[in-house]
Structures are given as structure tokens and as C-alpha cells.
Amino acid sequence: MITRDQSALLAPIERDLRLDLFRGIGLWMIFLDHIPHDVVAWLTLRNYGFSDAAEFFVFISGYLVGWVYGPIVAGGWFLAAAKRLWRRAAELYVAHIMLFLLFTAQIARTVRRFDNPMYEHEFNVFNFLAHPDELIGQAILLKYKPVNLDVLPLYITLVLASPFIVWCLVRRPNLTLAGSVVLYVLSRWFDWNIASYPPGTTWYFNPFCWQLMFVFAAWCGIGQIDKIATWVWSKAAMGLAAVWLIFALLIVMTWHVPALEALIPKSMIKAIYPIDKTDLDILRFTHFLALAIWVTHFLSRKWRALHSTWLRPVILCGQHSLPIFCLGVFLSFSAHWILTQYTKGVWEQLAVSIVGIVIMVGAAWLLGRAERVPNLFVKVTEVEEADTALDNAPAASAAAAPASR
């Protein structure tokens with residue numbers, strides 16, 4: 001018989017605003033990175049290292065799953081955790097399908113309005129506009145995805161698997177992490193991936209590889225990272241992480257300054273390239289870990305600036321990540337066609353970038369205010385129980401009357 005700990009469901013969970021902060025930063029980076037040739041995008045992480053906002057989101061999602069649902073599963077409430085996580089996966093799926101339909105409609109309208117077929121080819125919606133009946137079915141199966149919509153199917157897959165991941169981590173954390181590493185190695189070695197559309201293509205984010213980031217984050221979230229904290233934040237480990245960050249910066253600079261590429265030995269170039277995002281190249285994974293070591297060293301959970309006014313906008317975006325991500329996809333395409341159809345000047349790039357971020361912050365503020373509005377709806381069962389109590393009240397009073405005399 002399974003022993004259930006009721007306190008596991010009722011225990012309060014302190015919100016870590018650092019996670020909201022970096023999720024919000026990631027949303028801003030995704031918005032800017034999706035605007036081609038945007039000067040403001042030079043502020044994003046991908047221009048200074050191997051990893052980018054994708055690692056941010058997958059790690060934070062995995063960490064939250066381990067942190068929030070680890071104690072619940074450990075308390076014997078696996079089905080309760082699975083119910084909530086699968087409901088979240090359903091929300092992600094519905095959001096993905098709605099985003100797909102609206103985003104495709106936005107592109108189709110832009111193509112017709114400006115008579116420019118470049119957009120439908122650039123964003124991989126040409127086949128959809130030509131054969132919408134077939135492509136809608138492929139989209140429902142998560143096989144067909146326009147450009148910029150690849151990440152949500154990865155999240156859906158990981159969240160669907162997360163109850164079993166957490167269950168294994170609670171019982172055998174190190175063995176589960178080792179199994180994740182083995183799956184990562186095998187999937188890269190044998191080119192395992194999920195089939196996409198058109199035939200012969202695969203998912204841009206390979207879930208068999210990206211699960212390593214998710215499982216490792218959940219492993220940290222259930223508290224395993226605390227057991228090796230002394231080693232992780234030791235001077236030797238932080239020094240090695242700093243060297244790796246500097247090395248990544250130098251390599252990435254060669255992408256922007258071709259003259260620097262001649263300084264890199266050909267043997268090293270052959271060893272590190274290609275730095276594959278689809279299969280989560282180990283260079284990307286380790287770069288993110290090195291960055292995380294230094295960031296968590298300087299930014300504690302009690303950092304006062306997390307409650308400051310100037311960080312509030314980005315934290316608000318992080319607290320409403322799904323709707324803000326969907327909004328950011330629309331805004332990035334809108335900024336793209338504005339710059340394409342009219343002008344690509346620096347001031348125009350600054351304008352569309354700033355306006356887009358302001359709109360995202362405004363939407364997050366509205367969502368935050370909406371959450372504070374009281375919910376006036378009552379469950380039907382509660383109403384029925386109240387009615388039954390009222391019906392029985394006279395009879396109960398009559399029965400009690402003789403005894404009161």
C-alpha cells in the first residue's frame with residue numbers, strides 16, 4: 001500500500017524570482033533573435049557564446065518540474081502530479097495549434113497584401129498555402145511546423161514525459177541521470193529523431209537529445225545539486241568555467257570577424273564544428289552550465305534587485321511565459337515585414353525592437369492584473385450541496401424543536 005503524505009500537497013513553495021527573470025530575458029532574446037538583421041539582437045546571448053535562449057527555457061522548465069513536483073511525487077501523489085503536468089502539456093498543445101493557425105494566417109495575409117512570396121518560403125508555409133488540407137493534419141500530429149514554431153513541440157514532449165522522469169529521479173536520481181546521458185549518446189550516435197514533414201525531415205529540436213538538459217535540470221531541482229555544491233562552486237570549477245566562457249566568446253567572434261578565423265588552428269576547427277543545435281551539441285550544453293555556475297554564484301535567491309522596479313517588467317514577462325512567447329512570435333514577424341517592406345535603418349530597427357518589448361511588457365502587466373481579479377464562479381457541486389442543505393434545514397429544525405422544550 002502506498003503511503004501518501006498530505007503535507008506534500010499543502011506545503012507552500014517559495015517563488016524563485018531568478019527563474020522568472022531569466023525566463024523573461026529569454027523571451028526578449030527570442031523576440032530579438034527572430035528579427036533578421038536587427039542591430040538590437042547583438043545584445044542577445046547567441047552572439048557571445050555557444051548557447052542561447054533555448055537552453056534557458058528547457059533548463060528552467062526542467063528545474064521547475066523537479067522543484068515543484070519532486071516533493072509531491074515523493075509524498076506518494078504521482079497521479080496528482082501527472083494530472084497537473086499532462087494538463088499543462090494539453091495547454092501547450094492547444095497554444096501551439098492556435099499559434100500555428102494564427103501565425104500562418106498572418107503570413108498569408110502579408111503575402112497577399114504586399115504581393116511578396118518571399119515570406120511564405122522564408123517561413124516554410126508555402127506548402128501549407130498550397131495544400132492546407134494535408135498540412136493541417138500534419139500540424140496536428142506535430143510533424144509540420146513553420147519557422148520559429150519548433151520549440152513548443154519539444155516542450156510538449158518533455159512535459160508529457162516529466163511525471164515518469166520525476167518518479168525515476170525521486171527513487172534513483174543518479175541512475176536516472178545516467179540513463180539520460182546514455183539516451184543522449186545513443187541518439188546522437190544512431191541519429192535518432194522524430195520524423196517531421198515533408199518526408200525525409202526531422203524535428204529541429206531533437207527531443208532524444210534535448211531531454212538531457214531537461215532531466216539534468218530536474219535532477220538539480222529535486223535537490224541533488226546541493227549535494228555537490230561545494231565542488232560545483234569551488235575555485236577550480238569556477239576557473240574552468242571562466243576559461244570555457246572565454247574560449248566560446250573567442251570562437252563566436254570569428255563568426256563575426258572573418259579575419260580572426262585564421263588564428264584558429266584547423267585541427268581545432270575540425271574538432272568543434274559543426275556546433276549542432278538540433279542535437280544539443282555538447283559545446284552548447286557545457287557552455288550553458290559554465291554560464292549558470294557564474295550567474296548563480298553572483299545572483300542569490302535573496303538578491304534585493306529582484307524586487308526592484310527596474311527589473312519588474314522582465315520578471316512580469318517571465319511569469320507569463322507561454323502567452324508572451326506566442327505574442328513575441330507575432331511581433332517578431334511584424335517587425336520583420338515592417339523592416340523588409342519599408343526600411344532597414346538602424347533607427348527603425350531600434351524602434352521596432354523597443355516597441356515590441358514594450359508591447360510584451362504591457363501584455364504581461366495586463367495578465368498580472370487579470371490574475372488579481374476575484375473569481376466569482378462557483379462549482380456546480382457546491383451549489384447543489386448548498387441547496388440540499390437548505391431543503392433539509394426545515395426538517396432538521398422541526399425534529400429539534402421538541403427536544404428544546
Side-chain angles (χ1 to χ4, degrees), residues 18-19 21-23 25-26 28-30 32-34 37-60 62-63 151 177-178 180-185 187-189 204-206 208-217 219-220 225 228-300:
R18 294 177 302 175
L19 301 177
L21 172 66
F22 289 114
R23 195 155 48 179
I25 292 174
W28 289 8
M29 289 195 296
I30 289 175
L32 295 173
D33 287 338
H34 286 174
H37 312 296
D38 182 16
V39 66
V40 186
W42 276 96
L43 298 175
T44 63
L45 180 62
R46 71 174 183 178
N47 296 294
Y48 306 98
F50 298 139
S51 59
D52 59 21
E55 282 81 5
F56 270 56
F57 274 94
V58 175
F59 182 87
I60 291 175
Y63 184 88
V151 70
L177 182 59
S180 175
V181 173
V182 171
L183 178 59
Y184 171 82
V185 173
S187 61
R188 288 182 61 88
W189 184 269
Y204 182 74
F205 289 98
N206 184 350
F208 296 116
C209 293
W210 278 85
Q211 55 78 29
L212 176 61
M213 179 68 77
F214 188 86
V215 173
F216 175 74
W219 181 86
C220 295
I225 191 66
I228 58 172
T230 303
W231 179 84
V232 171
W233 286 279
S234 65
K235 291 183 178 180
M238 294 186 66
L240 184 62
V243 170
W244 188 240
L245 292 174
I246 294 172
F247 171 77
L249 175 63
L250 295 176
I251 293 297
V252 171
M253 285 299 102
T254 64
W255 306 347
H256 308 304
V257 185
L260 296 177
E261 188 174 358
L263 303 177
I264 308 298
K266 292 183 179 180
S267 58
M268 181 179 293
I269 293 177
K270 185 177 180 180
I272 66 176
Y273 289 121
I275 303 176
D276 188 16
K277 185 174 184 177
T278 294
D279 293 331
L280 185 60
D281 195 282
I282 196 64
L283 299 184
R284 296 178 62 97
F285 183 74
T286 53
H287 178 265
F288 174 81
L289 295 185
L291 186 63
I293 288 174
W294 275 97
V295 169
T296 53
H297 173 72
F298 287 109
L299 274 62
S300 68

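Being a predicted model, the structure only gives us computed values, none of them experimental.
Take Trp294 and apply the side-chain hydrogen bond (donor to acceptor under 3.5 Å, both in side chains) test, not counting sequence neighbours, and it matches no residue. For Asp52, the salt bridge (Lys or Arg N to Asp or Glu O under 4.0 Å) test picks out Lys277, Arg284, with sequence neighbours left out. Residues passing the side-chain hydrogen bond (donor to acceptor under 3.5 Å, both in side chains) test with Asp279, sequence neighbours excluded: Asn206. Residues satisfying the side-chain hydrogen bond (donor to acceptor under 3.5 Å, both in side chains) criterion with Asp276, sequence neighbours excluded, are absent altogether. Applying the side-chain hydrogen bond (donor to acceptor under 3.5 Å, both in side chains) test to Ser187 and every residue at least two apart in sequence or in another chain returns nothing.
With hydrogens and angles ignored, the 3.5 Å screen pairs no side-chain donor or acceptor of Tyr48 with any backbone N or O of Ala248. Looking at Tyr63, its side chain never comes within 3.5 Å of a backbone N or O of Leu19 through a donor-acceptor pair. Not a single donor-acceptor pair under 3.5 Å links the side chain of Thr278 to the backbone N or O of Phe205. Between the side chain of Trp219 and the main chain of Ile225, no donor-acceptor pair closer than 3.5 Å is present. For Arg18 (side chain) and Leu299 (main-chain N/O), a donor-acceptor pair under 3.5 Å exists by modelled atom type.
Between Glu55 and Leu280, the closest side-chain pair of non-hydrogen atoms falls below 4.5 Å. For the pair Leu45/Leu291, a side-chain contact is recorded, criterion being any heavy-atom separation below 4.5 Å from C-beta on. Contact annotation: the side chain of Asp281 never approaches that of Phe50 to less than 4.5 Å [non-hydrogen atoms, C-beta and beyond].
Atom CG of Leu260 and atom CG of Leu250 lie 8.5 Å apart (nearest 0.5 Å). To the nearest 0.5 Å, atom CD1 of residue Ile293 and atom CG of residue Leu245 are 8.5 Å apart. Note that the CZ atom of Phe247 and the CD1 atom of Ile272 stand 4.5 Å from one another [nearest 0.5 Å].
With Phe288 as the fixed residue, the ring-ring contact (aromatic ring centres under 6.0 Å, His included) test singles out one of Phe22, Phe57, Phe59: Phe59.
Applying the side-chain hydrogen bond (donor to acceptor under 3.5 Å, both in side chains) definition to pairs two or more places apart or across chains, those involving residues 236-260 are Trp244-Thr286, Trp255-Tyr273.
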Decide yes or no on side chain to side chain contact (heavy atoms under 4.5 Å, CB included) for Ile282 and Tyr184, but give the supporting numbers first.
CA-CA 10 Å; Ile282 196 64; Tyr184 171 82; 4.0 Å; yes
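At most 12 non-hydrogen atoms from other residues, nucleotides or ligands lie less than 6.0 angstrom from CE of Met268.
Considering all non-hydrogen atoms of both residues, Arg23 and Ile60 come closest at N-CD1, 3.7 Å.
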